[in-house]
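A, B, ... follow the sequence lines: proteins, then strands. Residue 1 opens every chain.
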Protein chains: 2
Amino acid sequence: MALRFLLALSLLHSVWALWPIPATLSTGNTALVLSSNFYFDVAVQNAPADLHNAIQQAQYYLENDKLGRLVVGRGANDSTALTNAKSLPSLKLSLASGATANPIATESVKPLGTRSEEYVLTVPADGSPATLSANSTLGLYRGLTTFGQMWYYYGGKTYTLEAPISITDVPAYPYRGFGLDTSRNYFPVADLQRTLDAMSWVKINTFHWHITDSQSFPLEVAQFPQLAINGAYSADEVYSESDVQNLVQYAAERGIDVIMEIDTPGHTAIIGTTYPEYVACMDASPWLTYANEPPAGQLRFALPEVVNFTTALLSSVAKTLPSYYFSTGGDELNTNCYVNDTLTQQQLKSANTTLAGALATFTNSTHSALIAEGKTPVVWEEQVLVWNLTLSKETIIMIWISSEDAAAVANLGYRIVHAPSNYFYLDCGAGEWLGDDPTGNSWCDPFKTWSESYTFDPLANLTESQYSLVLGGEQILWAEQSGPENLDSIVWPRAASSAEIFWSAKQPSGAPLNVSEALPRLHDVRYRMVQRGLNPINLQPQWCALRPHACDLYA
Amino acid sequence: MALRFLLALSLLHSVWALWPIPATLSTGNTALVLSSNFYFDVAVQNAPADLHNAIQQAQYYLENDKLGRLVVGRGANDSTALTNAKSLPSLKLSLASGATANPIATESVKPLGTRSEEYVLTVPADGSPATLSANSTLGLYRGLTTFGQMWYYYGGKTYTLEAPISITDVPAYPYRGFGLDTSRNYFPVADLQRTLDAMSWVKINTFHWHITDSQSFPLEVAQFPQLAINGAYSADEVYSESDVQNLVQYAAERGIDVIMEIDTPGHTAIIGTTYPEYVACMDASPWLTYANEPPAGQLRFALPEVVNFTTALLSSVAKTLPSYYFSTGGDELNTNCYVNDTLTQQQLKSANTTLAGALATFTNSTHSALIAEGKTPVVWEEQVLVWNLTLSKETIIMIWISSEDAAAVANLGYRIVHAPSNYFYLDCGAGEWLGDDPTGNSWCDPFKTWSESYTFDPLANLTESQYSLVLGGEQILWAEQSGPENLDSIVWPRAASSAEIFWSAKQPSGAPLNVSEALPRLHDVRYRMVQRGLNPINLQPQWCALRPHACDLYA
């Protein structure tokens, strides 16, 4: 027992709140208090409005987080150390010479690989100002986020015990995402905004918005207004064009690019409520024969008019969005749906082609239109692994069926985003949702705990020459059993796992990430989220959260 | 498809919102609108204040639920039927002649088997007043709850399409509970109140409050104040004596008896922070050897001073509570803890007894004191199945390890409350919570869906002569991975499953309960809970909720 106590003490100073952990980090053990007159010194010429807003938000968190340190007593024992502590007067923000002070929102939506997210942050122990410098306003934004994770609160003082602090930080991967399905159940805009806030706190930079599916079409599209009128659950459950524009801007100001997905040609039954002639096997029964989920119904993608419609739909939406990326989906296409579909079979015959051939034509049309709009298409893995489509080598392939499939995609030379269900699906483990199946289970059982997700290796089974194909990854929530009621708790803090994997990849020491070191920091993330008004799950009893490693399996 | 459509229509009138479904029920197909001047006509002499409060609450729900009917259009197609519908002017409440109008709170805490929860409710179709009669104010309260589930809202009208309605209702079992652990993580009083509200909506009548455990002691006890001072997570995370009194009253006014559990002699490590001499293997390492969960530590129950302390503790708390029942716990006692505990071994030797003998003495002392206070003890199954204690035959035994254990307890002649982990534990399926175990899983995986819980048979494996031993059952949330942040979503609507099993047991037709019939009604419960401000999970995509049976596995 004595040994464990000493061990716990020695670990105290590695119980950093920083998440994702910076690329390089050095800390001391001097107490430092935030001055009651603390201010941000913006030494940035022509600083854009969204940088000022970000600073105001950072100031708000500093004043309102009031997070007690996660130790027994929540900081009561820190009082002595704080009595004679120096005060930090300010944080000076500056850009590297020659850097342009673009809006954060502009920097956030640049192409992957061209965004500058790195920053240098120092917090001296002697009461002199802290400094934050970067090559872009986006880098400053990331540094502000880190600065905001350093501070605890007790007895009227906001403080750290670990000054001086020196950080040089840069992400390991350019794509760090979170994916959300807003079709199976609808999420009001305010819930998405709150989620974007939380994403920004852990430096997630991509919101993969799976906005439509077979069950509902909550997206207002100017050129095709009936899709939402007939396809949304109600007039109140629609993302209007201005909602989308506002949300995309809200995201970009927080360092987040929004990649929208309109999944085609599967996952489209609801389009049949507006265009019945475009959808095969609409509401066919038993649905299990024709679809992965009820209701059945898929676009008749072999038909020229459906090719034209889908191309117009996707490009008309994509061109309203600032992102360079747009997902056309392409997963779980059910071939039974077309076997007895007269219109499809007639077309295949007259065009002397196969279903795969027609899919190639369809996808070529939608992708070409997107590329013409300056967009890079994103698709699910089946497009290249099942249908063997030949896509532009710029196309981004999302892995979902299994982490084992990444190597096959890399072997084809495509770029990869990891979203494997066996590590990253947040909806797994919630049991069967289909009716009349009480002994059924979640198809991707068990629940993916934060730590299971955290063991994911982005480079597993790849050759060194393929490493550069890995753009990053994301955790996703499919919403069959979710809605605004459980959004926070099913997503947080678990979605922070991939955020750290793809930002940090390694410990500052160069050692691999490991769950034992990470857990105390993730508790910190979680408890700070509560202070900021979120509803994340508890990872453990509070007894454990206050005693790092005491609840490890073999402690 | 046509067939399914017709089937769905024919089922519409069985898509009752009532949950639990009444013992007998007849409905018509006449539309009836709630009058804009609708009022409750309280024909009860000397009606107690809490009945008036309950009526006020019922009126509030009638005006504010505004639940759209769970069909496509959410009631838009009902307008025609409502145009010439009669209005319901009032609901007249009366007690059977000779019945005393006690406060609901008095009726709610009577001994099991002596409470009168039955009621008769009629809602005529012709515009004449509805009537509700019962033998007690508690019965009136149950009837009010049923009345509140009948109404949908569209276009300014609150209505039913199923008048006339006639109900004669009575619960199948006297104990219908929900259990909550408030030790692993703390739940503020407001969260418990909200939970009690929701429990009352589905006629749950027992709150099993597992208030303390090894991790924290959030209960203020006047005679032993240091237990909470040292054992609560913080001074803000304590249930004061007045909190408890207020909460017990709040519950009783809603038809709910609070059975508190102070688990002993295991699950008590935290008591060692105040009385180290009373606790063996305190914080021993590896905890896995000494306890089911960290931290290790159990009462030295063999010591006379510990027997006296525990007896004083339990009886001093129990006597402040109106319930006839009090749980002394008794689960998961770890014998390794005592093998090398000198004080225990010396005592066993000097008293010439065994651990089991000492446990019998300890339990006899705590139970005798409770019985002297007029309380009936409640314990977990190991007390009689593992330790073979001979307890008063009035003692209530809670089954938790497996539903298979009920028969063994019944064979011993004890009364049973079903809380089997394999059907009723709400925390199952959330993955491993212990640290440094990323491939670990939930010990009672998988997640218990509402429908899996719903298939529980209270009488399985029992002989007919044992049926009367079954008091009822409850779903429980153990809070290692829960807190106020996910309380609603992890509990609701799932905890309604056992509420219906133990109230209804059968369909009004006499047919067994079945998940296929139940799901549309449970959607209704869930969507109404949202209207009342709760955060229950979605059971399915809304597409399915609006189309009964369309998302059944083989639909």
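Summarising the geometry of A:Asp552 relative to B:Trp287, their closest heavy-atom pair is O-NE1, 2.9 Å, with the distance given to 0.1 Å. The minimum heavy-atom distance between A:Trp543 and B:Tyr233, with the atom names listed, is N-OH, 3.0 Å. Considering all non-hydrogen atoms of both residues, B:Asn185 and A:Gln540 come closest at ND2-O, 3.3 Å. For A:Leu553 against B:Leu288, the heavy-atom pair with the smallest separation is O-CD2, 3.8 Å. Taking each heavy atom of A:Leu519 and B:Gly435 in turn, the nearest pair found is CD2-CA, 3.9 Å. Across every non-hydrogen atom of B:Cys551 and A:Pro294, the tightest pair is SG-CG, 3.4 Å.
With sequence neighbours excluded, the residues forming a side chain to side chain contact (heavy atoms under 4.5 Å, CB included) with B:Thr449 are B:Phe447, B:Ser451, B:Glu452, listed by chain and number.
Comparing B:Glu480, B:Arg74, B:Glu237 by how many heavy-atom pairs each has under 4.5 Å with chain A, the most go to B:Glu480. With respect to chain B, the highest number of heavy-atom pairs below 4.5 Å among A:Gln215, A:Gln542, A:Arg184 belongs to A:Gln542. Ranked by heavy-atom pairs shorter than 4.5 Å toward chain B, the options A:Ile270, A:Asp445, A:Asn514, A:Leu546 are led by A:Asp445. Taking chain A as the reference chain and counting heavy-atom pairs below 4.5 Å, the highest number among B:Pro295, B:Ser453, B:Ala479 is found for B:Pro295. Considering only heavy-atom pairs separated by less than 4.5 Å from chain B, the leading option among A:Leu534, A:Ile490, A:Asn441 is A:Asn441. Contact count against chain A (heavy-atom pairs under 4.5 Å) is highest for B:Ala430 among B:Ala430, B:Gly429, B:Ala545. Interface check for chain B: of the options A:Gly483, A:Ser214, A:Pro446, the most heavy-atom pairs under 4.5 Å are formed by A:Pro446. Of the residues considered (B:Ala518, B:Ser516, B:Ser216, B:Cys544), B:Ser516 shows the highest number of contacts with chain A, using heavy-atom pairs under 4.5 Å.
Within a 6.0 Å sphere centred on CG of B:Asn340, other residues, nucleotides and ligands contribute 12 heavy atoms or fewer. For B:Asn230, the CG atom sits in a packed shell: over 12 heavy atoms of surrounding residues, nucleotides or ligands are nearer than 6.0 Å.
Only the backbone of B:Ser482 comes within contact range of chain A, with heavy atoms under 4.5 Å apart. In this structure, chain A has a heavy atom under 4.5 Å from the backbone of B:Leu539, while its side chain stays farther away. With a threshold of 4.5 angstrom between heavy atoms, B:Val72 does not approach chain A through any atom at all.
Between atom CG of residue A:Asn486 and atom OG of residue B:Ser489 there is a gap of 5.5 Å, rounded to the nearest 0.5 Å. The distance from the OG1 atom of A:Thr289 to the OH atom of B:Tyr554 is 10.5 Å, given to the nearest 0.5 Å. In this structure, B:Asn538 CG and A:Gln481 CD are separated by 9.0 Å, a value rounded to the nearest 0.5 Å.
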| message | Using the rule given for side chain to side chain contact (heavy atoms under 4.5 Å, CB included), can you reason through A:Ile537 versus B:Glu485, listing the C-alpha separation, both sets of side-chain angles and the distance that settles it, and then say yes or no? | response | CA-CA 6 Å; A:Ile537 51 165; B:Glu485 295 80 12; over 6 Å; no

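Within the 4.5 Å cutoff, side-chain heavy atoms of B:Trp433 are placed close to those of A:Pro541.
Every pair passing salt bridge (Lys or Arg N to Asp or Glu O under 4.0 Å) that includes a residue from residues 486-496 of chain B is listed here, sequence neighbours excluded: B:Arg194-B:Asp488.
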